[in-house]
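Everything below concerns the one structure shown next.
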Amino acid sequence: MTDRLGQKQIAAMLVLMVVAREVSNPELREIVGFALDGKERRQLNGLDLVVSEQRGRPYFHELTERGWAWCEEELSQGEPPLPRTSLGSALYVVLGGLGRHLRREKLRLADLFMPEVDLTAEEIESRIRIAYRKLARSPRDWVALVELRPMLGEASAVDVDSVLKELSRSGQADLVPESNRKALTAADHAAAVRVGGEDNHLISIEAP
């Protein structure tokens with residue numbers, strides 16, 4: 001689309017992008033201080049960027065596929081919509097950096113933002129073991145955490161780190177740093193788990 005959306009509409013779109021799930025107006029108001037209502041909501045619905053459903057009094061909103069595509073394009077805009085503020089300009093510097101990172105690593109927004117759900121440690125460990133078996137070429141093979149993490153679905157990074165550390169502590173898995181530090185990408189650094197004051201990028205898991 002050639003015309004820029006309004007600031008409130010862009011703010012709502014970016015929140016829906018990061019949260020990556022349905023968001024109600026009361027929750028949206030808590031996050032950014034306003035609800036998506038009236039003309040602003042109807043325009044986003046009409047452009048097929050957001051689907052909204054009213055349940056009782058509040059509306060619930062979620063990005064469409066076209067909405068996700070719009071967000072990816074917005075990362076390359078470079079400048080915020082008018083009227084510009086110093087905070088808005090700084091935000092678009094951050095968004096531009098995020099867009100460059102995604103393109104460099106050949107990732108999509110859906111690889112970065114996904115809804116978090118409450119999983120037990122056992123459920124997360126099961127996902128880790130299943131992902132490891134799919135990636136490992138042989139028993140006790142070394143697998144990069146940057147390849148393993150995207151296969152864990154909506155498990156939160158904090159909870160995954162906790163399970164990885166417990167597997168290491170109990171001797172069921174080995175975590176080591178990548179020896180060739182020059183080969184590490186920004187994605188490798190982001191996927192690393194810190195144990196004993198050192199970032200670890202590779203994992204080897206003992207068969208159950």
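The figures here come from the full heavy-atom set of this structure, side chains too, leaving out hydrogens, waters and symmetry mates.
For the residue pair Arg100 / Ser76, no side-chain donor-acceptor distance below 3.5 Å is found, with atom types taken as modelled. Residues Asp159 and Ser162 have side chains that never bring a donor and an acceptor to within less than 3.5 angstrom of each other. Using modelled atom types and a 3.5 Å distance limit, the side chains of Ser138 and Asp141 yield no donor-acceptor pair.
Applying the salt bridge (Lys or Arg N to Asp or Glu O under 4.0 Å) criterion to Glu147, with sequence neighbours excluded, gives no partner residue. The salt bridge (Lys or Arg N to Asp or Glu O under 4.0 Å) check on Glu79 picks up Arg84, with sequence neighbours excluded. In this structure, the salt bridge (Lys or Arg N to Asp or Glu O under 4.0 Å) partners of Glu74, at least two apart in sequence or on a different chain, are Arg4.
With contacts defined as side-chain heavy-atom distances shorter than 4.5 Å, the pair Leu14/Val32 does not qualify. Between Leu202 and Asp174, every side-chain heavy-atom pair lies at or beyond the 4.5 Å cut-off. The closest side-chain heavy-atom distance from Asp48 to Trp70 is not below 4.5 Å.
Contact check on Arg42 versus Glu40 returns no salt bridge, with no Lys/Arg side-chain nitrogen under 4.0 Å from an Asp/Glu carboxylate oxygen. The pair Arg194-Asp161 fails the salt-bridge criterion, with no side-chain N (NZ, NE, NH1 or NH2) lying under 4.0 Å from an Asp/Glu carboxylate O. A salt bridge does not link Glu73 with Arg66: every distance from a Lys NZ or Arg NE/NH1/NH2 to an Asp or Glu carboxylate oxygen is 4.0 Å or more.
Nearest heavy-atom pair, Ile203 versus Tyr132, reported as atom, atom and distance to 0.1 Å: O-CE1, 3.6 Å. What you find for Gly78 and Tyr92 is that their closest heavy atoms are O-CB, 3.9 Å. Shown here for Leu109 and Cys71, the closest heavy-atom pair between the two residues is CD1-CB, 3.7 Å. Summarising the geometry of Ile10 relative to Leu5, their closest heavy-atom pair is CD1-O, 3.5 Å, with the distance given to 0.1 Å. Across all non-hydrogen atoms, the minimal contact from Arg129 to Glu206 is NH1-O, 3.0 Å.
Seen from the ring of Phe34, Arg29 does not count as a face-on cation partner, given the 6.0 Å and 45° thresholds.
Side chain of Glu123 to main chain of Thr120: a donor-acceptor pair is present (N/O by atom type, distance under 3.5 Å, no hydrogens or angles).
Looking at Asn45, Asp37, Leu44 one by one, the single match for side chain to side chain contact (heavy atoms under 4.5 Å, CB included) with Ser52 turns out to be Asn45.
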